[in-house]
There are 2 protein chains.
Amino acid sequence: MNFGLRHIRYFIAVAEELHFSRAAEKLGIAQPALSKAILVLENELSVRLFHRSNRHVQITEAGQTFLDGCRNAMNLIEQSAENTQRAHSGQIGTLRIGYTDNAMAGSLPQILKAFQDVQPGLVLKPHHDVSNIQLKKLDEGELEIGFVTGPINRSGLNQCLVQSEKFVCVVYKDHPLANRKTVRLEELAKQNFVHGSSKDWEHFHSYLLPLCRRAGFVPKVIQEAFNTAGILGLVSCGMGITVLTESISKSGGTGLTVIPIQDMSEELQTMAIWKSDTMDGTKKRFVDFLQQGNDLPV
Amino acid sequence: MNFGLRHIRYFIAVAEELHFSRAAEKLGIAQPALSKAILVLENELSVRLFHRSNRHVQITEAGQTFLDGCRNAMNLIEQSAENTQRAHSGQIGTLRIGYTDNAMAGSLPQILKAFQDVQPGLVLKPHHDVSNIQLKKLDEGELEIGFVTGPINRSGLNQCLVQSEKFVCVVYKDHPLANRKTVRLEELAKQNFVHGSSKDWEHFHSYLLPLCRRAGFVPKVIQEAFNTAGILGLVSCGMGITVLTESISKSGGTGLTVIPIQDMSEELQTMAIWKSDTMDGTKKRFVDFLQQGNDLPV
DNA sequence: AATTCATGATGCCATTTTGTTATCAATTAT
DNA sequence: ATAATTGATAACAAAATGGCATCATGAATT
């Protein structure tokens with residue numbers, strides 16, 4: 001098997017014309033070159049592909065078999081080269097996108113929808129993961145884009161602000177604070193907190209806890225849940241209160257009261273984040289779409 | 001699209017190893033040659049296929065797309081080359097075989113069955129045609145093998161005797177001759193004959209008529225039919241008599257009597273026949289199988 | 001029968017492609 | 001800081017491909 005695409009192209013031409021001189025002309029080469037190329041191919045396969053008399057050329061049965069295969073292969077390769085170029089320019093492809101509860105409760109759905117409208121050739125595969133896991137998956141190439149709680153300070157990653165939300169206090173509707181218009185953070189010092197589990201929510205906590213510490217207390221956590229729905233469920237049945245962000249706290253359903261936190265200027269930022277090397281076409285398209293001007297390289 | 005199978009092979013190797021030096025070693029070439037080949041491929045496609053840092057090589061998304069296509073194409077080509085060789089050696093393929101009523105009523109079914117048993121990879125496609133048409137189709141490459149009434153005297157065709165049968169007289173069961181043990185050919189001079197239509201049966205007649213002429217008469221044809229079944233049908237309902245061969249006259253069913261013809265040494269020969277150029281593998285196998293020693297080249 | 005014609009094969013040389021060795025440049029590990 | 005790893009580059013060698021002139025053969029023409 002030591003022939004090339006060139007031989008295959010020539011073979012197809014001869015099979016189509018059944019005439020060496022004409023096929024050679026069509027290929028833009030001289031007839032002897034074509035004769036030689038076909039001979040090489042025949043030797044390589046140890047198969048006679050054409051019956052040639054000096055009057056007529058006809059394809060052998062084996063030649064016909066080979067022709068079918070060659071036609072398919074050539075189409076496949078051409079098609080594939082085209083797809084490759086489209087994948088390169090980002091017209092087709094797959095984008096694995098990580099998201100947090102915060103991102104999905106906020107502006108991510110609209111972003112994905114809008115992007116799909118502009119780039120219908122791309123398949124988006126969203127994966128729900130907390131920020132830490134997303135960072136790991138980005139590193140290991142299991143995600144192209146993450147939507148995480150930020151900002152992140154890590155080299156090799158670029159990011160872009162997607163949303164910024166105030167923290168709010170969520171209590172069950174019979175709670176003493178339930179009818180307050182606002183609370184101050186330090187008022188929560190003696191409350192029982194429901195939190196996300198330490199391991200998975202470490203990232204979120206790393207933004208919230210310093211603020212509590214600044215307000216002079218460490219939250220008294222009496223219960224942990226694995227996700228937002230779990231936290232809000234525990235809150236609504238009276239286990240305690242929690243602090244989340246505006247948009248996500250809306251998803252809790254009845255039995256809950258959301259109270260703005262007074263004098264708290266810090267917001268929880270959700271960032272799109274991606275590896276700055278390996279900028280493939282699809283990723284580039286998505287990032288360009290996101291940025292529309294407001295890049296924040298690390 | 002000006003790259004070759006070589007580039008594709010190299011690309012697959014690099015994609016598998018994700019390491020130029022190792023891939024080169026595996027391919028049995030030096031690393032710079034491989035680097036250059038991949039660069040050529042990338043330029044040709046205008047697509048970066050690998051992200052290379054000095055420490056790691058990873059495939060791009062576009063590269064992955066191309067890899068899939070290349071793998072398929074390579075498999076296809078390798079598979080196809082193999083099939084081509086098998087087709088050449090006659091292990092696989094198709095054989096279009098023409099046959100006359102005589103051949104099919106005689107030994108052809110056993111021949112085809114026996115050949116299929118020995119060469120299960122070959123597809124046999126039998127076509128019912130009178131000898132003339134078969135010869136034309138052989139010429140035009142629409143048949144590989146014909147089973148015709150012979151012998152044939154034509155250059156470029158080889159043949160091989162398959163069966164040789166006595167002529168017999170077929171009459172309806174109430175016919176005056178019906179209870180005779182044998183007849184002589186000249187006794188049929190005054191009988192009404194049912195024949196095959198002149199055009200299609202010309203070939204059969206060209207063997208039978210000279211024998212009648214030698215016996216001193218020209219058959220009085222009162223009815224023509226298109227095929228053997230038609231002839232025997234007309235005979236059985238009393239339209240006349242006919243002369244056919246032993247085996248085929250057995251297929252006529254009731255109402256008919258078959259009478260050997262006395263003192264008639266000539267027999268109707270059925271020959272396998274094929275073009276002597278264009279000896280493809282499948283045809284060669286079939287011919288070798290048929291001959292088992294007794295070739296009759298023209 | 002002799003001649004011409006059509007057509008694929010062959011020999012020889014030029015050009016292009018492919019490959020090798022030595023070396024560089026950049027990055028990581030020690 | 002130094003050594004090691006690894007892909008890219010340069011210069012040259014080998015192999016492949018292509019072109020031109022010519023040959024060989026069988027068919028068509030005279």
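In the text below, chain A, chain B and the rest are named by the order of the sequence lines, each starting its count at 1.
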What is the distance from atom CZ of A/F50 to atom CD of A/E42, rounded to the nearest 0.5 Å?
7.5 Å

If we count only N and O atoms by modelled type, under 3.5 Å, do the side chains of B/Q269 and B/T149 hold a donor and an acceptor together?
no

Salt-bridged, B/R96 to B/E142, with N to O below 4.0 Å?
no

What one should report as the nearest heavy-atom pair of A/I77 and A/L5 is CD1-CD2, 3.7 Å

Treating primed atoms plus P, OP1 and OP2 as sugar-phosphate and everything else as base, which nucleotides of nucleotides 14-21 of chain C get B, S or - for protein heavy atoms under 4.0 Å?
----SBBB

Can B/R154 and B/D139 be counted as an ion pair, charged N to O under 4.0 angstrom?
yes

Testing the 3.5 Å rule here: is there a donor-acceptor pair between the side chains of A/H88 and A/D280?
no

Determine: side-chain N/O of A/R52 to OP1/OP2 of C/dA9, distance under 4.0 Å, yes or no.
yes

Quick one: what's the B/S/- string for nucleotides 25-30 of chain C, heavy-atom cutoff under 4.0 Å, read 5' to 3'?
-BSS--

Measuring to OP1 and OP2 of D/dT5, would you say a side-chain N or O of B/S21 lies under 4.0 angstrom away?
no

If the cut-off is 4.0 Å, is B/S53 near the phosphate of D/dT6, judged by side-chain N/O to OP1 or OP2?
no

Under the side chain to side chain donor-acceptor pair (under 3.5 Å) test, residues paired with B/N83 that sit two or more places apart
none

ring-ring contact (aromatic ring centres under 6.0 Å, His included) between B/Y99 and B/H127: does it pass, once the steps are laid out?
CA-CA 6 Å; B/Y99 63 90; B/H127 295 254; 8.5 Å; no

A/S35 side chain near C/dG8 phosphate (N/O to OP1/OP2, under 4.0 Å)
no

